[in-house]
Structures are given as C-alpha cells and as structure tokens.
K.L.:
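Once you've had a glance at the structure underneath, I'll fire off some questions.
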2 protein chains.
Amino acid sequence: MRGKVKSRRRSGCPVSLSLEILGDRWSLLVIRDLMVRGFRTFKEFEESDEGIATNILSDRLRRLETNGIIIAETEKTDRRRGSYRLTEKGIDLAPVLLDLLIWGARHEESLAPPALMVQMEKNREGVIAEARKRWRERDSTPLIPSFADDGAGRSSKRR
Amino acid sequence: MRGKVKSRRRSGCPVSLSLEILGDRWSLLVIRDLMVRGFRTFKEFEESDEGIATNILSDRLRRLETNGIIIAETEKTDRRRGSYRLTEKGIDLAPVLLDLLIWGARHEESLAPPALMVQMEKNREGVIAEARKRWRERDSTPLIPSFADDGAGRSSKRR
DNA sequence: CCGGATCCGTTTCGATACTG
DNA sequence: CAGTATCGAAACGGATCCGG
C-alpha cells in the first residue's frame, strides 16, 4: 500500500480546469442536449443519447450543478429535482459546442446534412445569439430541429 | 462471460462521435499542448500538464493518431516515434480549443491574465488564422507564450 | 410512473517499474 | 528517451430497489 498521493500539480492554463469538469464522455453530451435539443428532465436524458446509465446521469447532473453550469429546479410539492436548466455560465459554452458540432460535421462521418452545417458555420454568431436569447426567455424548444429527435440528423425528418 | 454487447445505438449528432474521440480527460489537453504550447515529443507531454502517466499518454497519442488528428513521425534510424504533429483535421480543432480557453478564463479561476483573454476573444479569428499558418509552415513555437511554460499563466512570468 | 440510490461485475485509469 | 508491463484503485454500466 504505497500511500504516495504525489500531490497533483495543476498547470495554470484554464483549459485544464475546464477539462476537469467537462473532460468525460457524458458531461458535454448532457450540455448539448440541454442547449441544442431542449431537454429538461431526467427521463429525457436517460432515454436519449446512447443510453447513459441512471447512476452516471445522476452523478453528472450533480457535478454540473455544483460547478454552476446547470441548475436543478426542485418543486415545492416534491423533493425530487424536476427539471434542469443551463446557467449563464452554461450557456456560455455554446461557442464550444457549436465549434465541436461544426468540426464533427466536417471531419467525422457526416450524418448531419452538410448544408445545415455550412449554414451554421456561416451564421455562427447568429446561432449563439439565438441560444442566449432563448435561455433568457426560458424557451426550451430545440435550437437545432434536426437534432431534436433521437436517431436524428439524417436529413429531413420533417414533421 | 456475458457476451451481450447490447448493440450500442448512437445518436446521429456529430458531437457524440467527436466526443468518442475527445471525450476524456487527456485528449484535448494533448491537442492544446500541440497547438498552443508547441510540444512535439513524448517527453514534453509527459513532463508538463498535471503529470499524465506514460501508458495513458502513449494510448492517447495512438488513439489521436488512428483518428487522424495527429501524425507521428518515425525516424528511419529508430523504430520509435520521435515527434508528433497535428494534421489539418487536428488544426481544425483550434476554434474549439480557443473557445474552451476563453470560457475557462471567464468562468473558472482566472489564473491567466484576463487582459490576454479579452484580447484573444476579440481577435479570435486572427489567432485561429495564425495557428493555421504556423501549422502550414511547421512552425512549432508556442502560439500563446504565456501558456508555454509549466506553472504558467500567472501574469508577467518575467523572462 | 419518475427521479434517483445501491449493489456488483467489468473496464479504464494511474503510478511505477521495466525494456529496447 | 519512448514507450510497455503490471497491478491496485477508481470509474463505468447494468440491474434492481426505493421514496415521492
């Protein structure tokens, strides 16, 4: 039992700190779903994506909350946390998410219609502004409709 | 030995795919060091940061390589891979990294001089263009000098 | 039913020793 | 110097259970 903890040094670059919060498989995915797909409840997160386990989801939500990226709203009648929203700090991640989305669309298998991406890339600032606006208005309709549904992305899943 | 793979469904959003590559504690950090700090050798990565273990570093470098984000250059005289560089796909992550850097500087403990960040935020496009330019010229001097050294970031680390 | 918490087997991580 | 090998520790993921 080598109890050497080795006193983790941390570099001064802010990215490292960010990655201590966001550097895992699920956190950014949860934030994306909040921001882009308009998810708000535990169940929505659980059922979507690639099937995050409930314990992991619970843990990630709590971690994001303690880091001030989301807030959980508890109803008075019920002790459970019913819905989640991004804080301003959280919505400020919109540029990161968007750039990642753009990068993914350009370099990974382009499951999402490139046309949409090209447009989004051109209108980056506009999309970010829209995200921020909706956050202020507590409007949680999906920011990018094609990503709203589950097997999503493949062209016109029109309704 | 329950061979149930459960046929992981993946959502159509490109972000998920990106996060399968980048969604861990170290990958983006390695990319940042490649891009912003100008690291190129195994040893530089190993000694910097918050002390990544050599086996993890080795694994991440390999994964980034197989995903086409970096390339390893092997010298003919030696079987070892001597230096690493970003591919074009890798350099295209500059916007993501930069936005993450900006976000971190704004919301996390501001270890980096805010002035630098404000400037970088204003000149986002310029910094990205510079990164791309250097990549083309194989110029690996640090893109952001304050982040070049280890305990870095704290204002005027006089030189 | 919904939002979790708990239990438990499996996978990944991380520190260090070791090798070409 | 650039990695592997090893092994204990931590995180993950699935199933199940529980309180509101």
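Below, chains carry the letters A, B, ... as their sequence lines are ordered, and counting in each starts from 1.
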K.L.:
Ignoring backbone atoms, establish whether Arg60(B) has a side-chain N or O less than 4.0 Å from OP1 or OP2 of dC13(C).
P.N.:
yes

K.L.:
Between Asp78(A) and Ile56(A), name the one whose nearest nucleotide on DNA chain D is closer to the 5' end.
P.N.:
Ile56(A)

K.L.:
Is the shortest side-chain N/O distance from Trp26(B) to OP1 or OP2 of dC13(C) below 4.0 Å?
P.N.:
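It does not, given that no N or O in the side chain of Trp26(B) lies less than 4.0 Å from OP1 or OP2 of dC13(C).
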
K.L.:
How large an angle, rounded to 10°, do the end axes of the helix from dC1(C)-dG20(D) to dG20(C)-dC1(D) enclose when each is built from five base pairs?
P.N.:
30°

K.L.:
Could you tell me which residues satisfy side chain to side chain contact (heavy atoms under 4.5 Å, CB included) with Val96(A), sequence neighbours excluded, listed by chain and number?
P.N.:
Leu93(A), Val96(B), Asp99(B), Leu100(B)

K.L.:
Just jot down the side chain to side chain contact (heavy atoms under 4.5 Å, CB included) partners of Glu137(A), sequence neighbours excluded, or say none.
P.N.:
Lys133(A), Asp139(A)

K.L.:
Atom CG of Asp24(B) and atom C1' of dA10(D): how far apart are they, to the nearest Å?
P.N.:
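From Asp24(B) CG to dA10(D) C1': 15 Å.
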
K.L.:
Please enumerate all residues that pass side-chain hydrogen bond (donor to acceptor under 3.5 Å, both in side chains) together with Glu130(B), with sequence neighbours excluded.
P.N.:
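side-chain hydrogen bond (donor to acceptor under 3.5 Å, both in side chains) list for Glu130(B), sorted by chain: Arg134(B).
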
K.L.:
Measure the distance from CD1 on Ile52(B) to C1' on dC13(C) and round it to the nearest whole Å.
P.N.:
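Distance, rounded to whole Å: 10 Å.
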
K.L.:
Which side-chain N or O atoms in residues 52-65 of chain A pair as donor and acceptor under 3.5 Å with protein atoms at least two apart or in another chain?
P.N.:
| unit_1 | atom_1 | unit_2 | atom_2 | d |
| --- | --- | --- | --- | --- |
| Arg60(A) | NH1 | Asp24(A) | OD2 | 2.7 |
| Glu65(A) | OE1 | Arg81(A) | NH1 | 2.8 |

K.L.:
Applying side-chain hydrogen bond (donor to acceptor under 3.5 Å, both in side chains), can you list everything that pairs with Glu73(B), at least two apart in sequence or on another chain?
P.N.:
Ser83(B), Arg85(B)

K.L.:
Polar pairs (N or O, both sides) under 3.5 Å between protein and nucleotides 1-3 of chain D?
P.N.:
| unit_1 | atom_1 | unit_2 | atom_2 | d |
| --- | --- | --- | --- | --- |
| dC1(D) | OP1 | Lys43(B) | NZ | 3.3 |
| dC1(D) | O2 | Arg80(B) | NH1 | 2.2 |
| dA2(D) | OP2 | Lys43(B) | N | 3.0 |
| dA2(D) | O4' | Arg80(B) | NH1 | 3.2 |
| dG3(D) | OP1 | Arg81(B) | NE | 3.2 |
| dG3(D) | OP2 | Arg81(B) | O | 2.8 |
| dG3(D) | OP2 | Tyr84(B) | OH | 2.4 |

K.L.:
How long is the line joining CZ of Arg25(A) and C1' of dC12(D), in whole Å?
P.N.:
11 Å

K.L.:
Rounded to whole angstrom units, what separation is found between the CZ atom of Arg63(A) and the C1' atom of dC12(D)?
P.N.:
12 Å

K.L.:
Hey, are the side chains of Leu143(A) and Val127(A) touching, using non-hydrogen atoms and a 4.5 Å cut-off?
P.N.:
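With C-beta onward as the side chain, the pair touches.
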
K.L.:
Phe45(A) CZ to dG4(C) C1': how many Å, rounded?
P.N.:
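In whole Å, dG4(C) C1' and Phe45(A) CZ are 14 Å from each other.
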
K.L.:
Identify, with sequence neighbours excluded, every residue that meets side-chain hydrogen bond (donor to acceptor under 3.5 Å, both in side chains) alongside Thr41(A).
P.N.:
Glu44(A)

K.L.:
Taking side chain to side chain contact (heavy atoms under 4.5 Å, CB included) as the test, write out the residues that go with Arg79(A), two or more places apart.
P.N.:
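Arg79(A) satisfies side chain to side chain contact (heavy atoms under 4.5 Å, CB included) with no residue once adjacent residues are dropped.
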
K.L.:
Within this structure, what is the CG-to-P distance between Asp59(B) and dA5(D), rounded to whole angstrom?
P.N.:
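It is 13 Å, rounded to the nearest whole Å.
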
K.L.:
Within the side chain of Trp103(B), is there an N or O that forms a donor-acceptor pair under 3.5 Å with the backbone of Lys89(A)?
P.N.:
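Indeed, once roles are kept as given, a pair shorter than 3.5 Å links the two residues.
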
K.L.:
Report the distance from atom CG of Leu29(B) to atom P of dC13(C), rounded to the nearest whole Å.
P.N.:
14 Å

K.L.:
Mind checking Asn55(A) for me? I need base, sugar-phosphate or nothing, with any heavy atom below 4.0 Å counting as a touch.
P.N.:
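Answer is base: heavy atoms of Asn55(A) come under 4.0 Å of a base.
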
